[in-house]
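Here the structure is laid out as structure tokens; the discussion comes afterwards.
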Amino acid sequence: MTSQGSGRQPKYQRIADELRAAIQAGEYGPGDRLPGENDLMARYEVARMTARQALGVLQSEGLVEARKGAGVFVRGFKPLRRRGIQRLAQEGWGAGRSVWSVDAEDRVLVVDQVEVHEEAVRGPVADILGVTAGSRVWVRSRRFVLDGKPVLFATSCLPSDIVADSAVTQADTGPGGTYARLAELGYAPVRFREEIRSRMPSADEAERLSLPVGTPVIQIVRTAFAEGGRAVEVNEMTLDSASYVLEYDFDA
């Protein structure tokens, strides 16, 4: 089939384009059910696989979610705007505010699946921290759930020679979080580096973040550096890509 002005286009893609446009125009609002496979088959005179592929495109884009036995619905979750620079400003965590307060604003944030333990570090994390393989680090893992939706899972590694016997080794690090505690220990972060890439999730990541099939994740690896250039934290974050807008606002 030939679409107007764009050469040959698969039927499922044309159906997905029309449904996407309808969602963006407000014809289907958050929580609304989209036409099912049978409806699309009849409306567009296509096979079931074509209708299924069209809905699959929208699921992979994070616009809709399938509910077993109920159909496909427009996602009602408002994407989280992650302000990559403002959220790490010392004026925030230095005053006892959470890094997350910049992102979450007045929305309900719950931190669960918190695990804190000491272990030997190896591989890329050891290289980033500038320590030999087998050196001891404290590992902090936690999941962030916003408005009832898991949006991020993070694992931080911090050198034991810096944070041992401090609040960093506790589940609750206190006002201002880990960076405020590092500052009290004489290792305040003065510079950050973030590396970002997109990929498909592992089975464990998909389960932790309750991801619809086909939804990719964003992986952010942030390194915090203290005065003198020492790396004092490596934080590996896995984000539900459909739940985030990454915003970086800085002067030219």
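Not counting sequence neighbours, the partners of R81 by the salt bridge (Lys or Arg N to Asp or Glu O under 4.0 Å) test are E247. Under the ring-ring contact (aromatic ring centres under 6.0 Å, His included) criterion, F192 pairs with Y179, not counting sequence neighbours. V111 meets the side-chain contact (heavy atoms from CB on, under 4.5 Å) test with V114, R142, F144; sequence neighbours excluded. For D172, the salt bridge (Lys or Arg N to Asp or Glu O under 4.0 Å) criterion is met by no residue, not counting sequence neighbours.
Once rounded to the nearest 0.5 Å, the distance linking CD of E65 with OG of S210 reads 10.0 Å. One finds the CG atom of L158 at 8.0 Å from the CZ atom of R140 (value rounded to the nearest 0.5 Å). Here CD1 of I220 is found 12.0 Å from CD of E236. Values are rounded to the nearest 0.5 Å. E118 contributes atom CD, which lies 4.5 Å from atom CZ of R136 (distance to the nearest 0.5 angstrom). Atoms CZ and CG, from R107 and L80 in turn, are 6.0 Å apart once rounded to the nearest 0.5 Å. In this structure, OG1 in T50 is found 12.0 Å from CD in Q13, a value given to the nearest 0.5 Å.
Taking each heavy atom of V137 and C157 in turn, the nearest pair found is CG2-CB, 4.4 Å. Summarising the geometry of D249 relative to I85, their closest heavy-atom pair is O-CD1, 3.6 Å, with the distance given to 0.1 Å. Smallest separation of non-hydrogen atoms from T178 and T173: N-OG1, 3.6 Å. Contact between A16 and L58 at its shortest, heavy atoms only, is O-CD2, 3.7 Å. V99 approaches R87 most closely through the heavy-atom pair CG1-O, 3.4 Å. Closest approach of A231 and L129 over heavy atoms only: O-CD2, 3.7 Å.
Here salt bridge (charged side-chain N to carboxylate O under 4.0 Å, His left out) pairs that include residues 208-222, with residues two or more places apart or in two chains, are E194-R222, D204-R208. The ring pair (Phe, Tyr, Trp, His ring centres under 6.0 Å) pairs that include a residue from residues 149-172 number zero, where partners must be two or more places apart or lie in different chains. Applying the ring pair (Phe, Tyr, Trp, His ring centres under 6.0 Å) rule to pairs touching residues 10-64 yields nothing, sequence neighbours excluded. Note on residues 208-252: no pairs pass ring pair (Phe, Tyr, Trp, His ring centres under 6.0 Å), not counting sequence neighbours. Sorted by first then second residue, the salt bridge (charged side-chain N to carboxylate O under 4.0 Å, His left out) pairs that include residues 176-190, not counting sequence neighbours, are R181-E184.
Through direct or relayed side-chain contacts under 4.5 Å between Ile, Leu, Val, Met, Phe, Trp and Tyr, V190 connects to no other residue. Clustering of Ile, Leu, Val, Met, Phe, Trp and Tyr by side-chain heavy atoms under 4.5 Å joins M200 with none of the others. Cluster partners of F73, using a side-chain heavy-atom cutoff of under 4.5 Å among ILVMFWY residues and allowing indirect links: none.
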Walk me through whether R199 and V217 qualify under side chain to side chain contact (heavy atoms under 4.5 Å, CB included).
CA-CA 6 Å; R199 58 174 173 78; V217 293; 3.8 Å; yes
Begin from the C-alpha positions of E119 and H117 and carry the test side chain to side chain donor-acceptor pair (under 3.5 Å) through to its verdict.
CA-CA 7 Å; E119 67 179 40; H117 64 274; 2.8 Å; yes
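E205 places a side-chain N or O within 3.5 Å of a backbone atom of S202 that can act as its donor or acceptor partner. Judged purely by atom type and a 3.5 angstrom limit, D103 has no side-chain atom pairing as donor or acceptor with the backbone of W100. Using a distance-only test at 3.5 Å, with no hydrogens or angles considered, a donor-acceptor pair links the side chain of S241 to the main chain of P216.
In this structure, V221 and R193 have side chains that are not in contact, with every pair of non-hydrogen atoms separated by 4.5 Å or more. Considering only heavy atoms from C-beta on, D240 comes within 4.5 Å of L211 through its side chain.
Ion pairing between D17 and R14 fails under the 4.0 Å rule for side-chain N and carboxylate O.
Residues V145 and L239 do not share a hydrophobic cluster, clusters being chains of Ile/Leu/Val/Met/Phe/Trp/Tyr side chains in contact below 4.5 Å.
Among L19, I15, V64, the single residue meeting the side chain to side chain contact (heavy atoms under 4.5 Å, CB included) criterion with L55 is L19.
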